[in-house]
Each structure stands twice: as C-alpha cells, then as structure tokens.
Amino acid sequence: MCRHLFLYVLILTGFSSAWGQYEDIPPGHQNLLEVGIGYTQLYTKDLNFSPLNYSGNGFVYNLAYERRSKSDRHLLSMSAAFSSDYLQTPTPNTIDPLYIYADIGISFNTQIFPSEQRKAKYYLGGAYNTRAFYIDYDDQEAFSYTATHGLSVLGILEYQINVKNKFRTSLSIPIVQLLARPPYNGIDAFIIENQDNVEQILFFGKVASFNHYRAVFWKTDYRYSVCRFLDVGLRYHLGYQTATEPVKSVLWQHQVSTFLGLKF
Amino acid sequence: MKKLPFAFLFMVSIISCEKTALGENEPNTPENNFELLWNDFDQHYALFDVRGTDWKTLYDDYRPQINKTTSDAELWQILTDLLENLDDSHSVLYNADRSAIFRSGNTLNAQSESEFSQEILTNTYLENVTRITSEVELSYGNIKGKNIGYIYLGSMNGGNPAIINTITKELENSQALILDIRQNMGGEDRYGAKIAGAFTDETNLIYTVQTRNGQEYDDFDTKKEFYTTPSDKNTYLKPVIVLTDRRTISAGETFLLHMKSFEHVVQVGDTTAGDLSTVSNRRFLPNGWSYQYSIQKFLLPDGSSLDGIGHVPDIYVKNTASGIAAGRDKVVEQALDYLSDEFGVE
C-alpha cells in the first residue's frame, strides 16, 4: 500500500512545472459549489472494538460550498464528506467489519496580512465540524464509534500561480469537542435503551480537548480554471485523530480526490 | 516552493504505512492469544464476585499449559476448559469460521433440547393453534377439551410486543393460561417487559442493572431500575402458569422476573439457566477466534442475584428424553393438574 501512494503523489507533483510563472491575477468568484469523488486509505485501531490493527480503502464523496466577500477578505465555507467500505486485518476472519465515515462542517475565515501585490493569501478563522467514524462487525455483533462535535482553528493559504492555476492548503486543529465514544464495556443500559436512536448515541458524550482528543486535518488542492464558470481540481486530504476515552482509538486517513467547481 | 512537492512526497510516504500509523499488530502466538482473552475477561467480565470465581487463580492453573508449540486444538481445549469454570452460557468462544462454538456451562441447557417437543405439544395437547408469523417463535391456542389458553413464547427477539394484547384479548374468556417459555434463549429484555405488562395492573420494581465500567472487579456504574409497566390495553389477571426448563435463558429469565412478581403467576418446570446478564460485543483474537462475556449484573430489589442459580420453580417437574420419545409432556400435564387442583379449572 505504501507504494500505491507514489502514483497519487506523482500525479499531484506533475504539475509543479506550472509553478513560478506570473500572470495577471483574474477577478475572483463570489460563490463556488464543488462536488468531488475520490479514494481513501485508512488505518485504524480502536481498543474498544478490537486489539487488532485494521486498514481499509474505499470511495469518498465530497460536497462543498464556498462564498467569498466582495473584498475577498472573508471566506464562508460549508462541506460534507462521506465514505463507507470494509476494513481488513491480517488475521484469518470470515467477516470483514464495515466502516462509515462522515464529516459535515462550516467555517468562517478572515484574510490576514492583506495585500493586493501579493499572490499568496493567508486566512485564519474557525470551523465547526461534526465527524463520525463507525465500525460494525456482522450487523452489530461488535461495533464502536468515535463522534466529535466541536470547534477547530482553521488556517488557509491560497496561492494564485497564474490566471488558470491555483494552489491552496489548509490546516485544521480541533480545540474543543463533544466527544462521543462507547462506554467502557462497549454497551451499557444507555446504549441498549437508545439502540434505535442513533442521533441520541452519537451526541451523548463529554467535553474534551487535547487531554482526551487530538486531531489534525490537512488539505491541499490544486485547482485549474477551465473557464469563467468552471474549475477542476485535485485534492489530497490527510486526517489524523486519536481519542483516549474510555480506551485508545486511532484513525489515520488519507484521501486523493478530484472535484468540479461551479463558480457563480 | 520547488522543493515542496518532494517534501510532500516524503511526508506522505512516511505516514501512509500502517506500522507508523498504528504501531505493531498483536502477535499471533498461543501465549498472546491466551493473555489477550484472560486479560479481557479480567478487566471487563461482570460476574466474578457474583459467581464466586477466582479468575486470578485460574490464570495460574491454565497459563503454564501454553507455550509457543501449543497447537490450535490444544489452545481451544485449554481456553474452553478455562471458560467452563465460569458456568455462564453468555461466555462464548468461536473459532475463526464459527464452525465451532463453545458456550460455558451449557451441558444441562443443551440436554434440555431433547426434553421438549413442539410437535407433541401441538398434536397431543393443543387445538386451534395460531402462529404469529411477524414475531419470532410466538404462537397461541387452547388446551384440548379445556377452557385453558396456551401461549408459546420461544424468543424475545420479536419486533412487535404489542401483539400480546391481541392474543390476551382472544383468550380473555379462558379460565387460566399456560405461558410456555421453555427453550426461550432470550433476546431483548425490553421486549419481554412489554409482554409482561399484559399480565399485571401494577407498577413494580423488578430488578436493577449495573454495567462494569472499570478495571476493578467491583467497578460498576449507577444502578438503573427496571419496573413492570402495565399495558394500557386489556390485561390478563386470571391464573397464569409459566413453563420453564434449563434452556430458559437470559431475556427469557428477565421476563420471568417480571412474571414471578405477579401473585397470579406460578412457575412450573425445571430451574432456568441462571444467565441473566447482557452479552458483550464480540471480541477478537489475533488467530481469528472471537468470544463474548457477561458485562452486567442484574440484581433483585433485595440485592440478591439469580446469576449462577436461575429461577427455582414453584413446582418442579422435568421431562426426560424417553418421555418425550414416548409422546408425553409431563410439564404440561403437571401444569394442568395444578390448575385443576388449585382452581378447579377443567
């Protein structure tokens, strides 16, 4: 699997020859609607579910909306991502567990160090995300989940390479979350009572910060302007999260996806 | 800026490997498989104190039998021998493809399968039998030639417990009811609670539940109380005989906790399994085997537990395999005799 990554990175770095050219910066769009599809590779270990290491891969689906202020000083973004497939472990097993990953968020960022002469723009702000990662073995013979609902610090760097080409990278670090994890023994009276009410379970948790939940989410885009109304792009997304309540869980994800952006 | 793609390539290559992300996987050795299972039970099993099991001494007894040359067959025998000490049919070991399943304390439970026959019941003792196809193993009818209703409830895994109100309405003119929960291996406690609500007009505290939530054997969360809630539709308050055997287990037994709190209910048959707890999620070993264990303790209002004991019947009677083979169900016959002697029901 490590070797497969080389192909993804080769595609991404193949555009590096376009960097460094200067052309007039085009006027920006105010609204952008993006839809994308990609492929995710993930690694997870959740001691509440199993002492074993699991890996998985599958398609990821992305939807996003972004609105810029007229002065380009402020960015409002909304996004949703979803992926579901099966996990594997190198031990003999007849049934692979299913995973479901969902991430819904909204963010607001303000440009810092504004300058019309500069091709690079820096934004800083915050985001709210609801994220859930759920593992299910054989129709809930075993299951576990990590759900977070909370605030992050979000920094964005945009670099307009030339009229057509744009690079963007962002880093999000969750600060405080409502962390929902299974109880110590995986099941308790609350889980049993609410087994038909998933929302109740996924929003039943404790306030957690870096003491019990640490994560970082890094996205890097390359965007090409096909025409005045349409962008195409390539994105790499790395996500890492670890929780220590009630026992340790770790989730690494990296995704490569393509997207279409409608500008209006 | 031109060096950025290469730095990016380097970072991605590093972090894309499983070992970097998660650390080494658990070794698949006989010793480690034993240690993982024993430690998991040690930290999560809820009934060591209730059942009086010295789990740490059992480690000293069984661990020396395992070394790196222990075969799968030998490891299976050692682990099943270890778990048998719990005498808890909620402690289960599965092999990788589930072709072999071991349940602790299951000898008497399994034996009772040959001591029950629905065919004999239907052909010899019952008439007008209706099967509720929307539920799991639920049927009702009448005892032949008598004004006694009969309900067979073979599972607590149904989806619509309110159907019991339809059944009790159909049987409302009977002088008494036989409610047969033999071979009922459980399901959902709340399903049984709803069924029990059709047989009472009172709200009673029936049991409390606590889930183990820490590494000490006495680490449990706050007690949660469970009550019988009477049905808001018709309730059946005439004599009810509940039939049980060794394979009345788990949610079948919590259902019986409700029923035996009602004055008009009598239990006839064999002692139940004595396994009331809730089962854990499936737990996994590096060799592909998996297992489950009890994670909750169910206590009666007086603080006592029926785990490891079971419901002792008010009237003890037990079928035998030979009796069933001869076409007789002595448990049903005893129930009918009791109704005749005590209530004059013919």
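Hydrogens, waters and symmetry mates play no part in the numbers below; they use all other heavy atoms, side chains included.
- Proximity to chain B (any heavy atom under 4.5 Å) is shown, for A/Phe143, by both the backbone and the side chain.
- With rounding to the nearest 0.5 angstrom, the OG atom of A/Ser83 is 9.5 Å from the OH atom of A/Tyr39.
- Counting heavy-atom pairs closer than 4.5 Å to chain B, the top-ranked of the candidates A/Leu52, A/Val250, A/Asn48 is A/Leu52.
- Neither the backbone nor the side chain of B/Tyr45 comes within contact range of chain A; no heavy atom of the residue lies under 4.5 Å from a heavy atom of that chain.
- Proximity of a side-chain donor or acceptor of A/Asn185 to a complementary backbone N or O of B/His44 within less than 3.5 Å is detected.
- Put simply, of A/Pro183, A/Ser50, A/Pro246, the one with the most heavy-atom pairs under 4.5 Å next to chain B is A/Ser50.
- No part of A/Leu42 comes within reach of chain B, as not one of its non-hydrogen atoms sits under 4.5 angstrom from that chain.
- Interface residue A/Glu193: backbone and side-chain heavy atoms are both found under 4.5 Å from chain B.
- Residue A/Thr44 touches chain B through its backbone alone, counting heavy-atom pairs closer than 4.5 Å.
- Not less than 6.0 angstrom separates the ring centroid of B/Tyr291 from the ring centroid of B/Phe102.
- Aromatic pair B/Phe41/B/Trp55: ring centres closer than 6.0 Å.
- When heavy atoms are compared at a cutoff of 4.5 Å, A/Ile191 does not approach chain B at all.
- Using a 4.5 Å cut-off on side-chain heavy atoms (C-beta onward), A/Ser225 and A/Val163 make no contact.
- Here the options are B/Thr208, B/Leu205, B/Ile206, B/Leu306, the test is side-chain contact (heavy atoms from CB on, under 4.5 Å), and the partner is B/Leu300; only B/Leu306 passes.
- With a threshold of 4.5 angstrom between heavy atoms, B/Asp221 approaches chain A through side-chain atoms but not through N, CA, C or O.
- The aromatic ring centroids of B/Tyr62 and B/Phe34 lie 6.0 Å or more from each other.
- Across B/Arg190, B/Glu26, B/Lys224, the residue that shares the most heavy-atom pairs under 4.5 angstrom with chain A is B/Arg190.
- Of the atoms belonging to A/Pro51, heavy atoms from both backbone and side chain fall under 4.5 Å from chain B.
- Interface remark: B/Gln43 contributes backbone and side-chain atoms alike to the contact with chain A (heavy atom separation under 4.5 Å).
- Expressed to the nearest 0.5 Å, how far CZ of B/Arg282 lies from OG of B/Ser290 amounts to 4.0 Å.
- For B/Asn213, the parts lying under 4.5 angstrom from a heavy atom of chain A are both the backbone and the side chain.
- Distance check: B/Arg212 CZ to B/Lys297 NZ gives 10.5 Å after rounding to the nearest 0.5 Å.
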